[in-house]
Amino acid sequence: MELAASTKLSLLKFDMVQEERIRRIVTPLPPTLSPGPVVCALGRDFRLNDNDALHHAQTLALTFQKPLIVTVCLWPKHTGATRRMYNYHLQALKELESGLRKLSVALIILHGKEDDALYELLCKTKAFHLVTDVLPLRFSKRWKARLAQRLHKINTPWDEVDTHNVVPVWEASTKAEFAARTIRPKLFHKLAHFLVPHEKITAMPHTLSSLEHPAILWHTITPECDESVGEIVSVKVGESAALIQLQHFLSEGLKGYALRRNIIHENRQSGLSVYISRGSLSRRRILLELEKHLGSKLALHIEPSKNGSGSDQTDISAFIEECFIRAELAENFCFYNDNYDNFNGFPSWAKETLTQARGDSRDYIYTRDELATAKTHDELWNAAQRELLTTGKMHGYMRMYWAKKILEWTESPEEAMHIAVDLNDTYELDGCDPNGYVGCAWAIGGLHDRPWFRRPVFGAVRYMTSHAVKKHGSIEAYIAKY
DNA sequence: ATCGGCTCGCGCAA
DNA sequence: TGCGCGAAGCCGAT
(Lines give C-alpha, C1' and ligand atoms only; values in the text may rest on other atoms or scores of the structure.)
Protein backbone atom coordinates (compact mmCIF):
# COMPACT_ATOMS: atom_id res chain seq x y z
CA MET A 1 0.00 0.00 0.00
CA GLU A 2 2.86 2.35 0.81
CA LEU A 3 4.30 1.81 -2.61
CA ALA A 4 0.96 2.56 -4.20
CA ALA A 5 0.78 5.86 -2.34
CA SER A 6 4.28 6.93 -3.30
CA THR A 7 3.64 5.80 -6.87
CA LYS A 8 0.69 8.11 -7.03
CA LEU A 9 2.69 11.03 -5.71
CA SER A 10 5.56 10.65 -8.10
CA LEU A 11 3.20 10.19 -11.05
CA LEU A 12 1.86 13.65 -10.37
CA LYS A 13 4.98 15.08 -11.95
CA PHE A 14 3.57 14.08 -15.35
CA ASP A 15 0.33 14.74 -17.14
CA MET A 16 -1.54 11.57 -16.48
CA VAL A 17 -4.13 9.62 -18.41
CA GLN A 18 -7.51 9.93 -16.68
CA GLU A 19 -7.80 7.24 -14.02
CA GLU A 20 -11.20 6.01 -15.25
CA ARG A 21 -9.63 5.19 -18.59
CA ILE A 22 -7.36 2.63 -16.91
CA ARG A 23 -8.36 -0.77 -15.61
CA ARG A 24 -6.00 -2.69 -13.35
CA ILE A 25 -5.78 -6.29 -14.55
CA VAL A 26 -2.92 -7.35 -12.30
CA THR A 27 -2.06 -5.27 -9.26
CA PRO A 28 1.47 -5.75 -7.98
CA LEU A 29 2.20 -7.03 -4.50
CA PRO A 30 4.85 -4.58 -3.31
CA PRO A 31 7.71 -4.35 -3.61
CA THR A 32 8.38 -5.06 -7.27
CA LEU A 33 12.01 -4.85 -8.12
CA SER A 34 11.83 -5.90 -11.76
CA PRO A 35 14.63 -4.02 -13.46
CA GLY A 36 13.21 -4.31 -16.98
CA PRO A 37 11.17 -2.02 -19.23
CA VAL A 38 7.60 -0.89 -19.30
CA VAL A 39 6.02 -2.91 -22.11
CA CYS A 40 3.15 -1.41 -24.06
CA ALA A 41 1.44 -4.21 -26.00
CA LEU A 42 -0.87 -2.83 -28.68
CA GLY A 43 -3.57 -5.07 -30.07
CA ARG A 44 -5.85 -2.56 -31.69
CA ASP A 45 -4.89 1.11 -31.52
CA PHE A 46 -1.76 1.01 -33.59
CA ARG A 47 -0.91 4.70 -33.58
CA LEU A 48 1.69 7.00 -32.12
CA ASN A 49 -0.54 10.02 -31.52
CA ASP A 50 -3.73 10.26 -29.46
CA ASN A 51 -2.92 6.95 -27.84
CA ASP A 52 -3.68 6.83 -24.11
CA ALA A 53 -2.26 3.34 -23.70
CA LEU A 54 1.07 4.49 -25.06
CA HIS A 55 0.93 7.67 -23.05
CA HIS A 56 0.17 5.81 -19.82
CA ALA A 57 3.03 3.41 -20.50
CA GLN A 58 5.39 6.34 -21.09
CA THR A 59 4.27 8.06 -17.89
CA LEU A 60 5.16 4.90 -15.95
CA ALA A 61 8.48 4.55 -17.75
CA LEU A 62 9.52 8.15 -17.09
CA THR A 63 8.34 8.10 -13.48
CA PHE A 64 10.26 4.95 -12.61
CA GLN A 65 13.13 5.64 -15.02
CA LYS A 66 12.59 2.52 -17.08
CA PRO A 67 12.96 2.00 -20.82
CA LEU A 68 9.79 1.83 -22.89
CA ILE A 69 9.08 -0.91 -25.42
CA VAL A 70 6.07 -1.24 -27.70
CA THR A 71 5.03 -4.67 -28.96
CA VAL A 72 2.60 -5.80 -31.62
CA CYS A 73 1.76 -9.46 -32.08
CA LEU A 74 0.92 -10.46 -35.65
CA TRP A 75 -2.50 -12.10 -35.89
CA PRO A 76 -2.48 -15.87 -35.73
CA LYS A 77 -3.79 -17.70 -38.78
CA HIS A 78 -7.05 -18.67 -37.04
CA THR A 79 -8.22 -15.05 -36.90
CA GLY A 80 -8.80 -15.28 -40.66
CA ALA A 81 -6.58 -12.33 -41.54
CA THR A 82 -6.22 -11.58 -45.24
CA ARG A 83 -3.56 -10.05 -47.48
CA ARG A 84 -5.94 -7.09 -47.79
CA MET A 85 -5.91 -6.54 -44.04
CA TYR A 86 -2.18 -7.12 -43.65
CA ASN A 87 -1.35 -4.73 -46.47
CA TYR A 88 -2.94 -1.96 -44.41
CA HIS A 89 -1.63 -3.26 -41.09
CA LEU A 90 2.04 -3.65 -42.01
CA GLN A 91 2.20 -0.23 -43.66
CA ALA A 92 0.61 1.32 -40.58
CA LEU A 93 3.12 -0.49 -38.36
CA LYS A 94 6.01 0.81 -40.45
CA GLU A 95 4.79 4.34 -39.89
CA LEU A 96 4.42 3.58 -36.18
CA GLU A 97 7.93 2.17 -35.96
CA SER A 98 9.59 5.18 -37.55
CA GLY A 99 7.61 7.53 -35.30
CA LEU A 100 8.56 5.56 -32.19
CA ARG A 101 12.21 5.32 -33.21
CA LYS A 102 12.48 9.11 -33.39
CA LEU A 103 11.40 9.14 -29.74
CA SER A 104 13.84 6.36 -28.78
CA VAL A 105 11.14 3.78 -28.28
CA ALA A 106 11.60 0.31 -29.77
CA LEU A 107 8.85 -1.54 -31.61
CA ILE A 108 9.03 -5.31 -31.33
CA ILE A 109 6.99 -7.60 -33.57
CA LEU A 110 5.86 -10.80 -31.88
CA HIS A 111 4.73 -14.00 -33.58
CA GLY A 112 2.57 -16.91 -32.48
CA LYS A 113 -0.03 -17.04 -29.72
CA GLU A 114 -0.39 -13.61 -28.15
CA ASP A 115 -0.23 -14.72 -24.51
CA ASP A 116 2.73 -17.07 -25.04
CA ALA A 117 4.70 -14.57 -27.07
CA LEU A 118 4.06 -11.73 -24.69
CA TYR A 119 4.70 -13.82 -21.58
CA GLU A 120 8.02 -14.94 -22.98
CA LEU A 121 9.03 -11.35 -23.72
CA LEU A 122 7.94 -10.13 -20.29
CA CYS A 123 10.03 -12.82 -18.60
CA LYS A 124 13.04 -12.38 -20.84
CA THR A 125 13.15 -8.62 -20.31
CA LYS A 126 12.15 -8.85 -16.61
CA ALA A 127 9.43 -6.36 -17.46
CA PHE A 128 8.51 -3.80 -14.85
CA HIS A 129 4.96 -3.16 -15.97
CA LEU A 130 2.61 -4.18 -18.80
CA VAL A 131 0.16 -1.79 -20.46
CA THR A 132 -2.35 -2.88 -23.11
CA ASP A 133 -5.18 -1.35 -25.10
CA VAL A 134 -8.72 -2.82 -25.26
CA LEU A 135 -10.28 -4.93 -28.02
CA PRO A 136 -13.63 -6.34 -26.84
CA LEU A 137 -13.56 -9.46 -29.03
CA ARG A 138 -13.45 -13.07 -27.83
CA PHE A 139 -9.97 -13.98 -29.05
CA SER A 140 -8.56 -10.93 -27.29
CA LYS A 141 -10.54 -11.50 -24.07
CA ARG A 142 -9.31 -15.10 -24.02
CA TRP A 143 -5.60 -14.55 -24.45
CA LYS A 144 -5.76 -11.76 -21.90
CA ALA A 145 -7.50 -14.00 -19.36
CA ARG A 146 -4.80 -16.66 -19.87
CA LEU A 147 -2.00 -14.13 -19.59
CA ALA A 148 -3.51 -12.56 -16.46
CA GLN A 149 -3.29 -15.88 -14.63
CA ARG A 150 0.38 -16.19 -15.48
CA LEU A 151 1.20 -12.58 -14.59
CA HIS A 152 -0.43 -12.96 -11.17
CA LYS A 153 2.09 -15.74 -10.49
CA ILE A 154 5.15 -13.74 -11.46
CA ASN A 155 3.77 -10.53 -9.93
CA THR A 156 3.97 -8.35 -13.03
CA PRO A 157 1.51 -5.46 -12.87
CA TRP A 158 -0.79 -4.90 -15.85
CA ASP A 159 -2.93 -1.91 -16.76
CA GLU A 160 -5.47 -1.94 -19.57
CA VAL A 161 -6.28 1.44 -21.12
CA ASP A 162 -9.37 2.15 -23.22
CA THR A 163 -8.00 4.52 -25.83
CA HIS A 164 -10.49 3.49 -28.48
CA ASN A 165 -13.63 5.01 -27.00
CA VAL A 166 -14.37 8.58 -26.05
CA VAL A 167 -16.10 7.39 -22.88
CA PRO A 168 -14.26 4.28 -21.63
CA VAL A 169 -16.48 1.26 -22.28
CA TRP A 170 -16.67 0.30 -18.58
CA GLU A 171 -17.53 3.89 -17.61
CA ALA A 172 -20.31 4.32 -20.17
CA SER A 173 -22.39 1.51 -18.71
CA THR A 174 -22.00 -1.57 -16.53
CA LYS A 175 -24.21 -3.79 -18.72
CA ALA A 176 -25.16 -4.51 -22.32
CA GLU A 177 -27.52 -1.69 -23.24
CA PHE A 178 -30.86 -2.41 -24.83
CA ALA A 179 -30.85 0.29 -27.50
CA ALA A 180 -29.28 3.55 -28.56
CA ARG A 181 -31.83 5.49 -26.55
CA THR A 182 -30.73 3.82 -23.31
CA ILE A 183 -27.01 4.45 -23.75
CA ARG A 184 -27.30 7.89 -25.38
CA PRO A 185 -28.05 9.89 -22.20
CA LYS A 186 -25.30 8.04 -20.33
CA LEU A 187 -22.75 8.84 -23.01
CA PHE A 188 -23.76 12.48 -23.35
CA HIS A 189 -23.65 12.87 -19.59
CA LYS A 190 -19.98 11.82 -19.52
CA LEU A 191 -18.88 13.42 -22.78
CA ALA A 192 -17.63 16.70 -21.35
CA HIS A 193 -15.54 14.89 -18.73
CA PHE A 194 -13.78 12.62 -21.21
CA LEU A 195 -13.55 14.87 -24.27
CA VAL A 196 -10.21 16.35 -23.31
CA PRO A 197 -7.08 16.75 -25.47
CA HIS A 198 -4.60 13.90 -25.65
CA GLU A 199 -1.14 14.25 -24.22
CA LYS A 200 1.76 14.09 -26.65
CA ILE A 201 4.25 11.27 -26.47
CA THR A 202 7.70 12.72 -25.82
CA ALA A 203 11.20 11.47 -26.54
CA MET A 204 12.66 9.05 -24.02
CA PRO A 205 15.83 10.31 -22.25
CA HIS A 206 18.14 7.61 -23.62
CA THR A 207 18.82 6.89 -27.26
CA LEU A 208 17.97 3.49 -28.64
CA SER A 209 20.86 1.13 -29.03
CA SER A 210 20.78 -0.08 -32.62
CA LEU A 211 22.54 -3.25 -31.47
CA GLU A 212 19.83 -4.10 -29.01
CA HIS A 213 17.01 -2.84 -31.20
CA PRO A 214 17.92 -2.99 -34.88
CA ALA A 215 15.40 -1.56 -37.33
CA ILE A 216 12.72 -4.05 -38.33
CA LEU A 217 13.34 -5.69 -41.69
CA TRP A 218 9.79 -5.40 -42.95
CA HIS A 219 10.38 -7.24 -46.22
CA THR A 220 11.29 -10.37 -44.26
CA ILE A 221 7.97 -10.40 -42.43
CA THR A 222 5.54 -12.72 -44.17
CA PRO A 223 2.45 -13.18 -42.03
CA GLU A 224 0.23 -16.22 -42.48
CA CYS A 225 -2.90 -15.01 -44.17
CA ASP A 226 -5.39 -15.59 -46.95
CA GLU A 227 -3.49 -14.36 -50.01
CA SER A 228 -6.51 -14.64 -52.30
CA VAL A 229 -8.10 -11.49 -50.90
CA GLY A 230 -6.09 -8.82 -52.69
CA GLU A 231 -4.91 -5.53 -51.32
CA ILE A 232 -6.75 -2.25 -51.88
CA VAL A 233 -4.47 0.43 -53.27
CA SER A 234 -7.11 3.18 -53.29
CA VAL A 235 -7.09 3.52 -49.51
CA LYS A 236 -4.22 5.58 -48.13
CA VAL A 237 -2.73 3.98 -45.04
CA GLY A 238 -1.94 5.28 -41.59
CA GLU A 239 -2.16 8.13 -39.13
CA SER A 240 -1.23 11.01 -41.38
CA ALA A 241 -3.59 9.80 -44.11
CA ALA A 242 -6.33 9.55 -41.49
CA LEU A 243 -5.84 13.14 -40.34
CA ILE A 244 -5.92 14.37 -43.94
CA GLN A 245 -9.19 12.52 -44.52
CA LEU A 246 -10.59 13.98 -41.27
CA GLN A 247 -9.80 17.56 -42.31
CA HIS A 248 -11.19 16.87 -45.77
CA PHE A 249 -14.41 15.55 -44.27
CA LEU A 250 -14.86 18.48 -41.89
CA SER A 251 -14.33 21.08 -44.60
CA GLU A 252 -16.06 19.33 -47.52
CA GLY A 253 -18.23 16.50 -46.24
CA LEU A 254 -19.99 17.67 -43.10
CA LYS A 255 -22.35 20.06 -44.84
CA GLY A 256 -25.29 18.00 -46.06
CA TYR A 257 -24.01 14.88 -44.27
CA ALA A 258 -27.38 13.98 -42.68
CA LEU A 259 -29.08 13.69 -46.06
CA ARG A 260 -26.30 12.80 -48.43
CA ARG A 261 -24.38 10.11 -46.55
CA ASN A 262 -27.26 7.74 -47.33
CA ILE A 263 -27.39 8.44 -51.06
CA ILE A 264 -26.05 5.19 -52.41
CA HIS A 265 -24.60 6.31 -55.73
CA GLU A 266 -22.73 9.23 -54.16
CA ASN A 267 -19.58 9.04 -52.09
CA ARG A 268 -20.56 11.30 -49.23
CA GLN A 269 -19.70 9.20 -46.20
CA SER A 270 -16.97 10.32 -43.86
CA GLY A 271 -14.42 7.78 -45.10
CA LEU A 272 -13.05 7.52 -41.56
CA SER A 273 -14.31 4.10 -40.56
CA VAL A 274 -11.27 2.21 -41.89
CA TYR A 275 -8.91 4.47 -39.95
CA ILE A 276 -10.90 4.10 -36.74
CA SER A 277 -11.21 0.33 -36.82
CA ARG A 278 -7.62 -0.24 -37.92
CA GLY A 279 -6.43 1.92 -35.04
CA SER A 280 -4.96 4.80 -37.04
CA LEU A 281 -7.40 7.41 -35.77
CA SER A 282 -8.97 8.10 -32.39
CA ARG A 283 -12.67 8.96 -32.36
CA ARG A 284 -11.91 11.34 -29.52
CA ARG A 285 -9.59 13.20 -31.89
CA ILE A 286 -12.41 13.36 -34.43
CA LEU A 287 -14.81 14.92 -31.92
CA LEU A 288 -12.13 17.34 -30.73
CA GLU A 289 -11.42 18.45 -34.30
CA LEU A 290 -15.14 18.76 -34.92
CA GLU A 291 -15.40 20.98 -31.85
CA LYS A 292 -12.52 23.09 -33.13
CA HIS A 293 -14.14 23.27 -36.57
CA LEU A 294 -17.43 24.45 -35.07
CA GLY A 295 -15.79 26.84 -32.62
CA SER A 296 -18.15 25.79 -29.84
CA LYS A 297 -18.59 22.98 -27.35
CA LEU A 298 -20.11 19.79 -28.71
CA ALA A 299 -22.66 19.75 -25.91
CA LEU A 300 -24.43 22.57 -27.74
CA HIS A 301 -24.86 20.38 -30.80
CA ILE A 302 -26.09 17.08 -29.48
CA GLU A 303 -29.78 17.70 -30.05
CA PRO A 304 -30.95 17.40 -33.63
CA SER A 305 -32.57 20.54 -34.97
CA LYS A 306 -36.36 20.65 -34.99
CA ASN A 307 -36.60 23.17 -37.79
CA GLY A 308 -35.78 21.71 -41.15
CA SER A 309 -33.78 18.61 -41.94
CA GLY A 310 -31.19 20.35 -44.07
CA SER A 311 -29.60 22.49 -41.36
CA ASP A 312 -26.02 22.39 -40.16
CA GLN A 313 -27.31 21.31 -36.79
CA THR A 314 -28.88 18.20 -38.28
CA ASP A 315 -25.63 17.32 -40.05
CA ILE A 316 -23.64 17.68 -36.85
CA SER A 317 -26.04 15.56 -34.78
CA ALA A 318 -26.13 12.90 -37.48
CA PHE A 319 -22.35 12.70 -37.47
CA ILE A 320 -22.10 12.65 -33.66
CA GLU A 321 -24.70 9.88 -33.64
CA GLU A 322 -22.55 7.74 -35.95
CA CYS A 323 -19.10 8.58 -34.74
CA PHE A 324 -19.90 8.53 -31.03
CA ILE A 325 -23.25 7.02 -29.97
CA ARG A 326 -23.54 4.15 -32.47
CA ALA A 327 -19.86 3.30 -32.33
CA GLU A 328 -19.80 3.16 -28.52
CA LEU A 329 -23.05 1.21 -28.41
CA ALA A 330 -21.36 -1.39 -30.61
CA GLU A 331 -18.36 -1.49 -28.26
CA ASN A 332 -20.72 -1.83 -25.30
CA PHE A 333 -22.44 -4.83 -26.89
CA CYS A 334 -19.24 -6.74 -27.69
CA PHE A 335 -17.69 -5.90 -24.33
CA TYR A 336 -20.61 -7.33 -22.35
CA ASN A 337 -21.90 -10.03 -24.72
CA ASP A 338 -19.58 -12.72 -26.05
CA ASN A 339 -22.27 -13.82 -28.52
CA TYR A 340 -21.85 -10.58 -30.45
CA ASP A 341 -21.45 -12.40 -33.76
CA ASN A 342 -24.04 -15.17 -33.56
CA PHE A 343 -27.74 -15.97 -33.12
CA ASN A 344 -27.48 -16.31 -29.32
CA GLY A 345 -26.67 -12.63 -29.02
CA PHE A 346 -29.94 -11.54 -30.64
CA PRO A 347 -32.69 -10.07 -28.40
CA SER A 348 -35.21 -12.66 -27.22
CA TRP A 349 -38.16 -11.31 -29.24
CA ALA A 350 -36.04 -11.79 -32.37
CA LYS A 351 -34.76 -15.25 -31.40
CA GLU A 352 -38.33 -16.39 -30.69
CA THR A 353 -39.92 -15.06 -33.85
CA LEU A 354 -37.00 -16.08 -36.07
CA THR A 355 -37.33 -19.57 -34.62
CA GLN A 356 -41.06 -19.65 -35.38
CA ALA A 357 -40.16 -18.74 -38.97
CA ARG A 358 -37.58 -21.51 -39.42
CA GLY A 359 -39.80 -23.71 -41.56
CA ASP A 360 -40.84 -20.89 -43.89
CA SER A 361 -39.97 -21.47 -47.51
CA ARG A 362 -37.29 -19.27 -49.07
CA ASP A 363 -37.61 -18.07 -52.65
CA TYR A 364 -33.88 -18.28 -53.16
CA ILE A 365 -31.12 -20.17 -51.36
CA TYR A 366 -27.49 -19.29 -51.97
CA THR A 367 -24.25 -20.73 -50.66
CA ARG A 368 -21.51 -18.67 -49.06
CA ASP A 369 -19.48 -18.85 -52.27
CA GLU A 370 -22.35 -17.84 -54.54
CA LEU A 371 -22.87 -14.80 -52.34
CA ALA A 372 -19.14 -14.04 -52.08
CA THR A 373 -18.81 -14.03 -55.86
CA ALA A 374 -21.92 -11.85 -56.34
CA LYS A 375 -23.90 -14.50 -58.24
CA THR A 376 -27.49 -13.85 -57.15
CA HIS A 377 -30.58 -12.95 -59.18
CA ASP A 378 -30.56 -9.44 -57.64
CA GLU A 379 -28.33 -6.99 -59.53
CA LEU A 380 -28.57 -4.40 -56.74
CA TRP A 381 -27.30 -6.91 -54.21
CA ASN A 382 -24.58 -8.12 -56.60
CA ALA A 383 -23.41 -4.54 -57.08
CA ALA A 384 -23.08 -4.09 -53.32
CA GLN A 385 -21.05 -7.28 -53.05
CA ARG A 386 -18.87 -6.19 -55.98
CA GLU A 387 -18.32 -2.83 -54.34
CA LEU A 388 -17.09 -4.71 -51.29
CA LEU A 389 -14.83 -7.04 -53.28
CA THR A 390 -13.19 -4.34 -55.34
CA THR A 391 -12.98 -1.39 -52.97
CA GLY A 392 -12.79 -3.04 -49.52
CA LYS A 393 -15.81 -0.98 -48.39
CA MET A 394 -19.54 -1.06 -48.94
CA HIS A 395 -21.79 1.97 -48.78
CA GLY A 396 -23.29 2.24 -45.29
CA TYR A 397 -26.87 2.18 -46.40
CA MET A 398 -26.29 -0.78 -48.71
CA ARG A 399 -24.78 -2.75 -45.84
CA MET A 400 -28.25 -3.01 -44.31
CA TYR A 401 -29.93 -4.19 -47.48
CA TRP A 402 -27.05 -6.57 -48.16
CA ALA A 403 -27.23 -8.25 -44.73
CA LYS A 404 -31.04 -8.48 -44.68
CA LYS A 405 -31.03 -10.25 -48.03
CA ILE A 406 -28.55 -12.79 -46.69
CA LEU A 407 -31.13 -13.64 -44.01
CA GLU A 408 -33.77 -13.94 -46.71
CA TRP A 409 -31.70 -16.20 -48.97
CA THR A 410 -30.11 -18.72 -46.61
CA GLU A 411 -31.37 -21.78 -44.71
CA SER A 412 -31.37 -20.34 -41.18
CA PRO A 413 -30.69 -17.15 -39.22
CA GLU A 414 -27.60 -18.84 -37.76
CA GLU A 415 -26.19 -19.49 -41.20
CA ALA A 416 -27.13 -16.00 -42.39
CA MET A 417 -25.30 -14.38 -39.51
CA HIS A 418 -22.32 -16.66 -39.98
CA ILE A 419 -22.02 -15.83 -43.68
CA ALA A 420 -22.60 -12.09 -43.24
CA VAL A 421 -19.94 -11.87 -40.53
CA ASP A 422 -17.54 -14.00 -42.56
CA LEU A 423 -17.90 -11.88 -45.72
CA ASN A 424 -17.69 -8.69 -43.68
CA ASP A 425 -14.52 -9.79 -41.91
CA THR A 426 -12.94 -11.16 -45.07
CA TYR A 427 -13.50 -8.27 -47.46
CA GLU A 428 -14.19 -5.09 -45.47
CA LEU A 429 -11.08 -3.09 -44.64
CA ASP A 430 -12.97 -2.01 -41.51
CA GLY A 431 -13.95 -5.61 -40.69
CA CYS A 432 -13.10 -7.64 -37.55
CA ASP A 433 -14.53 -4.81 -35.49
CA PRO A 434 -17.54 -4.35 -33.16
CA ASN A 435 -19.21 -2.00 -35.64
CA GLY A 436 -19.38 -4.76 -38.24
CA TYR A 437 -20.71 -7.42 -35.85
CA VAL A 438 -23.36 -5.09 -34.48
CA GLY A 439 -24.33 -4.00 -37.99
CA CYS A 440 -24.92 -7.63 -39.02
CA ALA A 441 -26.76 -8.39 -35.77
CA TRP A 442 -28.98 -5.32 -36.28
CA ALA A 443 -29.92 -6.38 -39.79
CA ILE A 444 -30.31 -10.12 -39.22
CA GLY A 445 -31.18 -10.33 -35.53
CA GLY A 446 -32.97 -7.07 -34.72
CA LEU A 447 -30.27 -6.03 -32.25
CA HIS A 448 -30.84 -2.51 -30.83
CA ASP A 449 -33.89 -2.31 -33.08
CA ARG A 450 -37.59 -2.66 -32.35
CA PRO A 451 -39.79 -5.52 -33.45
CA TRP A 452 -41.94 -5.00 -36.54
CA PHE A 453 -44.94 -6.75 -38.03
CA ARG A 454 -44.45 -10.46 -38.59
CA ARG A 455 -43.46 -11.82 -41.91
CA PRO A 456 -42.15 -15.10 -43.29
CA VAL A 457 -38.48 -15.91 -42.67
CA PHE A 458 -37.91 -12.62 -40.80
CA GLY A 459 -40.27 -13.09 -37.88
CA ALA A 460 -40.48 -9.68 -36.21
CA VAL A 461 -37.12 -8.51 -37.56
CA ARG A 462 -37.42 -5.43 -39.77
CA TYR A 463 -37.73 -6.34 -43.42
CA MET A 464 -36.30 -4.35 -46.30
CA THR A 465 -36.94 -4.17 -50.03
CA SER A 466 -35.27 -2.29 -52.84
CA HIS A 467 -38.12 0.24 -52.56
CA ALA A 468 -36.44 1.63 -49.47
CA VAL A 469 -33.12 1.74 -51.30
CA LYS A 470 -34.74 3.66 -54.14
CA LYS A 471 -35.57 6.47 -51.73
CA HIS A 472 -31.84 6.81 -51.11
CA GLY A 473 -30.51 7.43 -54.58
CA SER A 474 -30.39 5.88 -57.99
CA ILE A 475 -30.20 2.09 -58.06
CA GLU A 476 -29.21 2.23 -61.74
CA ALA A 477 -26.34 4.62 -61.08
CA TYR A 478 -25.13 2.48 -58.18
CA ILE A 479 -25.19 -0.71 -60.27
CA ALA A 480 -23.40 1.07 -63.11
CA LYS A 481 -20.69 2.17 -60.69
CA TYR A 482 -19.82 -1.39 -59.71
C1' DA B 1 -47.25 11.26 -52.03
C1' DT B 2 -48.70 10.65 -47.25
C1' DC B 3 -50.46 8.55 -43.15
C1' DG B 4 -51.56 5.22 -39.53
C1' DG B 5 -50.93 0.67 -37.82
C1' DC B 6 -47.81 -2.85 -36.95
C1' DT B 7 -45.31 -4.72 -32.13
C1' DC B 8 -42.09 -5.19 -27.83
C1' DG B 9 -39.90 -3.79 -23.78
C1' DC B 10 -37.04 -0.34 -21.40
C1' DG B 11 -36.85 3.43 -18.39
C1' DC B 12 -38.90 7.06 -16.26
C1' DA B 13 -42.77 9.34 -13.98
C1' DA B 14 -46.14 8.71 -10.79
C1' DT C 1 -48.55 0.66 -13.13
C1' DG C 2 -48.88 3.44 -17.11
C1' DC C 3 -46.94 5.59 -20.87
C1' DG C 4 -43.82 7.36 -24.48
C1' DC C 5 -40.96 6.07 -27.70
C1' DG C 6 -37.54 3.86 -30.53
C1' DA C 7 -31.44 3.45 -36.83
C1' DA C 8 -32.33 3.44 -41.62
C1' DG C 9 -39.58 0.05 -43.12
C1' DC C 10 -43.66 -2.18 -45.10
C1' DC C 11 -48.36 -2.24 -46.44
C1' DG C 12 -52.73 -0.75 -47.60
C1' DA C 13 -55.89 3.04 -47.64
C1' DT C 14 -56.64 7.52 -49.13
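The shown structure was predicted, so the numbers you read here are calculated from the model rather than taken from an experiment. Numbered from 1 within each chain, the chains take letters A, B, ... in sequence-line order.
Summarising the geometry, the separation between CZ on Phe178(A) and P on dC8(B) is reported as 12 Å, rounded to the nearest angstrom. Put simply, CZ on Arg326(A) is 11 Å from P on dG6(C), counting in whole angstrom units. Protein atom CG of Asn332(A) is 14 Å distant from nucleotide atom P of dA7(C), rounded to whole Å. For Glu408(A) and dC10(C), the CD to C1' distance is 13 Å, given to the nearest whole Å. Atom P of nucleotide dC10(C) and atom NZ of Lys470(A) are separated by 12 Å, given to the nearest angstrom. In this structure, Arg455(A) places its CZ atom 7 Å from C1' of dC10(C), rounding to the nearest Å. With rounding to whole Å, Trp452(A) atom CH2 is found 15 Å from dC5(C) atom P. One interatomic measurement links the two molecules: CZ of Phe453(A) to P of dC8(B), which rounds to 13 Å at whole-angstrom precision.
Within the 4.0 angstrom heavy-atom criterion, only backbone atoms of the sugar-phosphate kind lie near Arg454(A); the bases stay farther away. As judged by a 4.0 angstrom heavy-atom cut-off over every strand, Ala180(A) is placed among residues touching the sugar-phosphate backbone only. No contact: Arg399(A) has no heavy atom under 4.0 Å from any strand. Residue Met464(A) is classed as a sugar-phosphate contact, given heavy-atom separations below 4.0 Å to backbone atoms only.
Thr163(A) and Asp45(A) share no side-chain donor-acceptor pair at under 3.5 Å. Defined by atom type and a distance below 3.5 Å, a donor-acceptor pair is missing between the side-chain atoms of Glu171(A) and His193(A). When only modelled atom types and interatomic distance are considered, Glu387(A) and Tyr478(A) share a side-chain donor-acceptor pair under 3.5 Å. Of the N and O atoms on the side chains of Tyr482(A) and Asn382(A), not one donor lies less than 3.5 Å from an acceptor on the other residue.
Of the side-chain N and O atoms in Arg184(A), one or more sit less than 4.0 angstrom from OP1 or OP2 of dA7(C). Contact between the side-chain N/O atoms of Tyr463(A) and the OP1/OP2 oxygens of dC6(B) is not found at any separation under 4.0 Å. OP1 or OP2 of dC10(B) has not a single side-chain nitrogen or oxygen of Thr182(A) nearer than 4.0 Å.
Less than 4.0 Å separates DNA chain B from no heavy atom of any residue of residues 424-434 of chain A.
Between the side chain of Arg358(A) and the backbone N or O of Ser412(A), no donor-acceptor pair lies under 3.5 Å.
The residues Lys255(A) and Asp312(A) are annotated as salt-bridged, a charged nitrogen and a carboxylate oxygen being separated by less than 4.0 angstrom.
For dT2(B) and dA7(C), the P atoms lie 23 Å apart once the distance is rounded to whole Å. Rounded to whole Å, the P atom of dC10(C) lies 23 Å from the corresponding atom of dG9(B). With both ends at atom P, the span from dT7(B) to dT1(C) equals 25 Å, rounded to whole Å.
Residue Arg450(A) places no side-chain atom within donor-acceptor reach of the base of dA7(C), judged by atom type and a 3.5 Å distance cut-off alone.
Of the nucleotides present, dT2(B) is the one that pairs with dA13(C) by Watson-Crick or G-U wobble criteria, both distances under 3.5 Å. dT7(B) is unpaired under the criterion used here, namely a Watson-Crick or G-U wobble arrangement in which both key atom distances are under 3.5 Å.
Put simply, CD1 on Ile286(A) and CD on Glu291(A) are 13.5 Å apart, with the number rounded to the nearest 0.5 Å.
Closest of all the heavy-atom pairs between Ser280(A) and Tyr88(A) is OG-OH, 2.6 Å.
Comparing Glu352(A) and Pro185(A) against DNA chain B, the residue whose closest nucleotide sits nearer the 5' end is Glu352(A).
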